[in-house]
> 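This structure is in structure tokens; I'll ask about it shortly.
What you see below is based on every heavy atom in this structure, not just the backbone, and it leaves out hydrogens, waters and symmetry mates.
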Amino acid sequence: MLKGINPIITPSLLKILCEMGHGDSIVIADGNFPAESVGKNAFVVRMDGHGVPEILEAILELMPLDQYVPQPVSLMERCEGDNADVSIWKKYDQILEASGEGKENCVRKIERFAFYEEAKKAYAVIATSETSQYANVILQKGCIIKK
């Protein structure tokens with residue numbers, strides 16, 4: 001255990017977050033996401049027993065979002081005709097706002113298969129037990145600016 005580090009952050013995840021550079025991305029995937037196949041060229045971190053919101057919150061305590069792109073957060077858009085509950089997106093907005101990383105319109109929605117293609121470029125994929133549909137998030141890492 002370390003002081004100031006949320007205990008949900010595993011040692012392997014902490015190492016990955018440290019290794020990531022500006023512009024690298026990380027996927028926080030729901031339980032239905034094909035994490036192993038999409039992440040076959042990335043690091044895959046299993047965080048079974050945890051949901052996306054709590055992991056998102058913990059990561060945003062440590063990692064800045066890319067301040068040089070208009071939308072450093074990507075969500076998988078709900079498929080046409082699918083009435084799945086996406087109320088989890090409101091939780092994400094609240095977490096982003098509370099973290100100070102959520103700028104106006106910083107979230108974009110990407111069509112399902114385009115999302116998979118973006119996710120294949122990620123540095124890492126976190127596999128969760130999240131049961132909400134369309135709960136997948138891609139975060140693009142920014143840089144810490146000395147003030």
Side-chain angles (χ1 to χ4, degrees), residues 5-10 12-145:
I5 303 291
N6 188 319
I8 196 173
I9 300 290
T10 65
S12 60
L13 180 55
L14 185 59
K15 179 181 183 291
I16 286 166
L17 293 172
C18 287
E19 291 172 344
M20 289 173 62
H22 176 248
D24 282 339
S25 62
I26 188 165
V27 178
I28 310 173
D30 65 34
N32 290 306
F33 190 83
E36 295 293 337
S37 61
V38 168
K40 66 183 175 187
N41 295 318
F43 293 101
V44 177
V45 179
R46 303 249 11 137
M47 294 188 74
D48 301 295
H50 297 289
V52 173
E54 61 186 319
I55 296 168
L56 175 63
E57 187 171 18
I59 287 175
L60 290 176
E61 290 173 5
L62 302 171
M63 187 185 91
L65 294 178
D66 196 335
Q67 58 272 56
Y68 300 115
V69 298
Q71 297 173 307
V73 180
S74 300
L75 303 177
M76 181 185 286
E77 187 173 65
R78 185 168 41 189
C79 292
E80 189 175 328
D82 191 341
N83 293 325
D85 177 13
V86 291
S87 60
I88 196 164
W89 294 350
K90 290 179 185 168
K91 288 182 189 175
Y92 297 167
D93 289 339
Q94 293 166 347
I95 291 167
L96 284 162
E97 185 177 334
S99 74
E101 291 293 328
K103 310 296 185 255
E104 189 174 340
N105 299 317
C106 71
V107 179
R108 67 182 176 143
K109 294 182 182 78
I110 305 174
E111 184 273 333
R112 178 181 168 210
F113 293 105
F115 187 95
Y116 290 140
E117 291 306 311
E118 283 298 310
K120 287 177 184 177
K121 300 174 194 172
Y123 188 81
V125 177
I126 300 170
T128 74
S129 296
E130 180 61 56
T131 58
S132 298
Q133 289 183 280
Y134 300 102
N136 307 298
V137 181
I138 300 174
L139 303 174
Q140 188 169 332
K141 187 176 183 181
C143 53
I144 297 173
I145 299 174

> Does Thr128 use its side chain to pair, donor to acceptor, with the backbone of Ala29 at less than 3.5 Å?
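Yes, the answer is positive, given that a donor and an acceptor are paired below the 3.5 Å cut-off.
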
> Could you give me the CA-CA distance, side-chain angles and deciding distance for Gln67 and Ile145, then say whether side chain to side chain contact (heavy atoms under 4.5 Å, CB included) is met?
CA-CA 10 Å; Gln67 58 272 56; Ile145 299 174; 3.0 Å; yes

> If you measure from OG on Ser12 to CE on Met47, what distance do you get to the nearest 0.5 Å?
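So the gap between those two atoms works out to 8.0 Å.
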
> Keeping Gln133 on the side-chain end and Ala84 on the backbone end, is there a donor-acceptor pair under 3.5 Å?
no

> Could you grab the distance from atom CD1 of Ile59 to atom CD of Glu54, nearest 0.5 Å is fine?
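Answer for the CD1-CD pair, Ile59 versus Glu54, is 11.0 Å.
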
> Quick one: CG on Leu17 to CD on Glu19, what's the gap to the nearest 0.5 Å?
9.5 Å

> Looking at Trp89 and Arg78, what are the two nearest heavy atoms and their distance?
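Result for this residue pair: CH2-N, 4.1 Å.
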
> Can you check whether Ser129's main-chain N or O pairs, donor with acceptor, with Asp48's side chain at less than 3.5 Å?
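Here the side-chain-to-backbone pair does not exist.
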
> Minimum heavy-atom separation for Ile28 to Leu56, with atom names?
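Closest approach of Ile28 to Leu56: CD1-CA, 3.8 Å.
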
> Check whether more than 12 heavy atoms from other residues, nucleotides or ligands sit under 6.0 Å from atom NZ of Lys103, and answer yes or no.
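Counting other residues, nucleotides and ligands, NZ of Lys103 exceeds 12 neighbours.
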
> Can you name the closest pair of heavy atoms from Tyr92 and Leu75 and give their distance?
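Distance-wise, the nearest heavy atoms are CD1-CD2, 3.7 Å.
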
> Taking the six-membered ring for Trp, are Tyr123 and Phe43 parallel (under 30°), tilted (30 to 60°) or perpendicular (over 60°)?
tilted

> Got more than 12 heavy atoms from elsewhere within 6.0 Å of CD, Glu97?
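At most 12 heavy atoms, drawn from other residues, nucleotides or ligands, come within 6.0 Å of this atom.
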
> Answer whether the closest heavy-atom distance between the side chains of Glu36 and Arg46 falls below 4.5 Å.
yes

> Checking Lys141 side chain against Met20 main chain: does a donor-acceptor pair fall under 3.5 Å?
yes

> What heavy-atom pair brings Tyr68 and Cys143 nearest, and what distance separates the two atoms?
CE1-SG, 3.9 Å

> May I ask you to check whether over 12 heavy atoms, not counting those of Ile144, lie within 6.0 Å of atom CD1?
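Incorrect, the count does not exceed 12.
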
> Output the distance between atom CD (Glu118) and atom CG (Asn136), rounded to the nearest 0.5 Å.
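Going from the CD atom of Glu118 to the CG atom of Asn136 covers 13.5 Å.
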
> Taking the side chain as C-beta and beyond, is there a heavy-atom pair between Val137 and Ile55 under 4.5 Å?
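No; the side chains remain at least 4.5 Å from each other.
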
> Quick check: do Glu61 and Ile9 have side-chain heavy atoms less than 4.5 Å from each other?
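In short, these two side chains do not touch, never coming nearer than 4.5 Å.
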
> Mind listing the closest non-hydrogen atom pair of Ala35 and Ala127 along with its distance?
CB-CB, 3.8 Å

> Report yes or no: does Asp30 contribute a side-chain atom to a donor-acceptor pair with the main-chain N or O of Ala135 at less than 3.5 Å?
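At least one qualifying donor-acceptor pair exists.
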
> Can you tell me how far CZ of Arg112 sits from CD of Glu77, rounded to the nearest 0.5 angstrom?
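Reported value, rounded in 0.5 Å steps: 12.5 Å.
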
> In Å, rounded to the nearest 0.5 Å, how long is the span from CD1 of Ile95 to CD1 of Ile88?
8.0 Å

> Would you say the side-chain atoms of Glu101 pair up with the backbone N or O of Leu65, donor to acceptor, closer than 3.5 Å?
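Judged by distance alone, yes, a pair lies under 3.5 Å.
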
> With heavy-atom distances below 4.5 Å as the criterion, would you say the side chains of Ser74 and Gln140 are in contact?
no

> Given Asn6 and Glu57, is the side chain to side chain contact (heavy atoms under 4.5 Å, CB included) satisfied, shown in steps?
CA-CA 9 Å; Asn6 188 319; Glu57 187 171 18; 5.9 Å; no

> For the residue pair Ala122 and Ala42, what are the closest heavy atoms and their distance?
O-CB, 3.3 Å

> Can you name the residues that form a ring-ring contact (aromatic ring centres under 6.0 Å, His included) with Tyr134, not counting sequence neighbours?
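For Tyr134 there are no ring-ring contact (aromatic ring centres under 6.0 Å, His included) partners, ignoring immediate neighbours.
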
